[in-house]
Amino acid sequence: MLRRWMGVATAVLFAAALPAHAENVLQDVSFSASADGGVDVTLQLAGPAGDAQVFTTESPPRIAVDLPDTRSEVANRRMAVGSGATSAISTIEAGGKTRVVIDLFHMAAYDAKTDGNRVVINVGGGQAGASTSSAAVDQSDPAKRVGQGVSVSNIDFRRTPDGAGRVIVTFSGAGAVADMQTDDGTIYVDLSHVQLPENLAQRLDVTDFATPVQTIESRRNSGGSSIRINTAGSMESLAYQTGNEYVVEVSPVAEGNPQASAGDGGTVGGGDKKAYSGEPVTFNFQDIPVRTVLQLIAEQSGKNIVAADTVEGNITLRLMNVPWDQTLDIILRAKQLDKREDGNVIWIAPQSEIAAFEQAQADARIAIEQREKTVTEYIPINYGSAEEIASLLTEDAQEGSGGAGGGGGGASGGQSSGFLSPRGSVTFDTRSNTLLLNDIPSKIAEIRALIQILDRPVDQVLIESRIVIATDDFSHEIGARFGISGLTGNNTYFSGGLEENQSHYNGVNASRVDNANTIRDWIIDNDGSPPPVTTLPIPTRGLNVNLPVTDTSAGKFALSILNAGYLLDLELSALESEGRGEVVANPRVITSNQQEAVIKQGQEVGYVTQQNSGGASGQFTVNFKEVVLELKVTPTITQDDRVFLKMNVKKDQVEGFVTTPLYSVPQISKREVNTSVLVDNGQTVVLGGVYEFKTLEDVKKIPFLGDLPGIGNLFRNKVNDKSKAELLIFVTPQILRPASKH
């Protein structure tokens, strides 16, 4: 251990107001960035700080503080700092004393002092050859002369694809240090000792870019210059500095997710969304070696980082609470580096070096494949088609002799085709449904694994549908007819209707003539014997009102009154009918996944068509029209065990015939549903419903008389007709999977 301490140990005795306690307690270790770019490390003890020893080492660069007779209650034994020259802080307790070790990126000046129960060590940000005690940092250190002679050369604004606003400040040279603070939605960037040209001291309105950034105000002040960024809405800010560029990125935060930040789901300087989950780190580096930053990230992340020998150069970074994995991406982009991750190991090298390495790997693999010996394999296909699988394996599979099966196909050539290597070929035997492969062993193994996935029994689907047609009819009709008729004194017939009077009068006269002729013929034929008594026919009645029920099957009530040669006829008729019907069709069909199935049942109805119009002399043809119940369906089983159905269901029915002068034409009622629907396995869904309601009220009456209350019923015919028809189609798919083999 003594050989590792190459620096001179410096013992510093702190003046304490009280002597050290027998046993003190180190309660907390904290740090904060100082105004000069350094870090203030604070040790908080339970009692007054007593004797403390501070010493440094050069290899590795460290500042150690020994606290005798002190035990540690610090929960976090190691803290990553990454600011200025300070890398990390470790706390160790052993032998009755506690040691606090400050790891440095490089040797730096420091100042140590006591303040009651605290010990404060101010570590400078630049390099120094020796430490100082209770003295100011050496301003002659070139690292402390930040910003001297540096000015702002450009201020630019860009919008990222994820809606974040990026303010890019470009400096004229290296050495500029920027300090960012956020206060109530306003971001302040202090550029100490950095000059701002007059033409850049302006106000930029960037509201039209639709980002949280509204305006950017740059101004000069006595200590250098500053930039004020005004924002709107919920946002999260991020700042980093690479080389001569300082970038402030302001990302929108979704409402209800205040913890989201640019490091959680966005990118810095990138176009694609990338989620970061590393622990946040704060880095404030001024011209620090890239390899040193990678070492710090390895300690923070717990990953094993291997950097190529060509990874070199320095970088200036200022990152506030940025996930370590996002910090790594920022560094890689800034230095044109790339990474490859394998488990817990990250390999980092220049992009060109990684590309050349991967290209060399690919070339070596191709060279091995070209020299590797080919073998022949025969793979039987159980459920699929060998010809179809051969077409999948290569794009130029063609028909050829397949062996004893009498058919086959193959593909070969000097170029890679499909899953085959450039020297591979495939043929198939249709009789035995077998693939014949000739290729290198690695490719054949890949094809075997692929066939195990493709060659499996296809799931089937049972589709059961129910078509329900329900009808409900109700009809009510009432009517009446009556009339008065009789014979006058001169044997003339009269009734209430003129047409009936004339008809019946003619009938009576004809009857009298017929009766006289009958008597004459009787006397002649029977030698003058008197004829039998013959009565005149009773004439049919004439009606004054004739509004009966049209249906002949209606019930009727008739009343006749005959008195003194007068006849009064009254007939009341009424009909009330009610009917209910239901037609249920239950077509069912089983089909394979993504295969159309059709099932139908019914009849073909014939009808006559006429060609060459010419009346009855035209040419007639008998045609047939399908009147069927049909179910046409194509099921697709989804990955979450649901069924997507593309269906066509129809139910035809002959309602009657339309009579023409030459022939009759069938009248067909059609019910059809054409749809696509996603249904759970075993779930019943109603594809469609048609409801038809029909109401008819018809009144036939004699004006004025039919409107009389009560007696008006004798002068009118009233019909009430109501009907209802419903059509419902239910579908239930059921996935049928083959039983697994044991």
Side-chain angles (χ1 to χ4, degrees), residues 365-366 368-463 589-600 631-648 676 681 733-742:
R365 178 180 55 81
I366 294 175
I368 292 175
E369 289 181 355
Q370 292 177 349
R371 292 192 298 266
E372 192 173 3
K373 182 180 179 180
T374 61
V375 295
T376 302
E377 290 282 345
Y378 308 98
I379 303 178
I381 305 301
N382 296 319
Y383 304 101
S385 169
E387 182 177 1
E388 293 179 358
I389 294 180
S391 299
L392 292 175
L393 296 178
T394 176
E395 296 178 353
D396 56 344
Q398 301 176 354
E399 287 190 4
S401 59
S412 63
Q415 297 181 353
S416 178
S417 178
F419 292 89
L420 303 175
S421 69
R423 297 186 296 152
S425 64
V426 58
T427 59
F428 58 89
D429 176 32
T430 56
R431 183 181 61 83
S432 60
N433 202 29
T434 302
L435 281 179
L436 289 77
L437 288 171
N438 183 268
D439 211 331
I440 60 178
S442 59
K443 283 294 183 179
I444 290 182
E446 293 177 3
I447 294 175
R448 279 191 176 275
L450 177 62
I451 291 177
Q452 287 183 355
I453 298 175
L454 299 178
D455 187 26
R456 61 180 183 178
V458 180
D459 294 336
Q460 301 183 96
V461 182
L462 169 64
I463 298 101
V589 65
I590 297 179
T591 182
S592 298
N593 185 28
Q594 298 183 344
Q595 296 295 322
E596 184 184 65
V598 179
I599 182 173
K600 60 183 178 180
L631 171 63
K632 184 184 297 183
V633 58
T634 303
T636 300
I637 302 174
T638 63
Q639 294 296 327
D640 55 354
D641 280 346
R642 293 196 287 180
V643 183
F644 181 79
L645 299 175
K646 185 177 180 181
M647 300 188 62
N648 179 268
S676 298
N681 182 25
Q734 183 72 41
I735 299 176
L736 305 177
R737 288 193 168 92
S740 59
K741 296 182 179 181
H742 299 283

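- The number of heavy-atom neighbours closer than 6.0 Å to CD of Glu596, taken from other residues, nucleotides and ligands shown, is above 12.
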Original post:
What do the steps show when you test Leu437 against Leu420 for side-chain contact (heavy atoms from CB on, under 4.5 Å), and what is the final call?
Top reply: CA-CA 9 Å; Leu437 288 171; Leu420 303 175; 4.3 Å; yes
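- Shown here are the side chain to side chain donor-acceptor pair (under 3.5 Å) partners of Asn593, two or more places apart in sequence or in another chain: there are none.
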For residues 632-639, which side-chain donor-acceptor pairs fall under 3.5 Å, sequence neighbours excluded?
residue : atom : partner : partner atom : Å
Thr638  : OG1  : Asp640  : OD1          : 2.4
Thr638  : OG1  : Arg642  : N            : 3.0
Thr638  : OG1  : Arg642  : O            : 3.1

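- Evaluation of the side chain to side chain donor-acceptor pair (under 3.5 Å) rule for Asn681 yields no partner, not counting sequence neighbours.
- Atoms CD1 and CD, from Ile590 and Gln595 in turn, are 15.0 Å apart once rounded to the nearest 0.5 Å.
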Hey, can you pull the donor-acceptor pairs under 3.5 Å for the side chains in residues 370-377, sequence neighbours left out?
residue : atom : partner : partner atom : Å
Thr376  : OG1  : Asn438  : ND2          : 2.8
Glu377  : OE1  : Arg448  : NH2          : 2.9

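- We find the CZ-CD1 distance between Phe419 and Ile451 to be 10.5 Å, quoted to the nearest 0.5 Å.
- Listed by chain and number, the residues in a side-chain contact (heavy atoms from CB on, under 4.5 Å) with Ile453 amount to none (sequence neighbours excluded).
- In terms of heavy atoms, Ala597 sits closest to Thr591 at CB-CB, 3.5 Å.
- Of all the heavy atoms in Tyr383 and Asp455, the pair that sits closest is N-OD1, 2.8 Å.
- Scored by the side-chain contact (heavy atoms from CB on, under 4.5 Å) test, Asn433 finds Ile381, Ala386 as partners (sequence neighbours excluded).
- The distance from atom CD1 of Ile389 to atom CG of Leu450, rounded to the nearest 0.5 Å, is 8.0 Å.
- Inter-residue side-chain proximity for Leu435 and Leu393 is flagged as met; some heavy-atom pair is nearer than 4.5 Å.
- In this view, Lys600 and Glu626 satisfy the salt bridge (charged side-chain N to carboxylate O under 4.0 Å, His left out) rule, not counting sequence neighbours.
- A search for side-chain contact (heavy atoms from CB on, under 4.5 Å) contacts involving Pro380 returns Thr434, not counting sequence neighbours.
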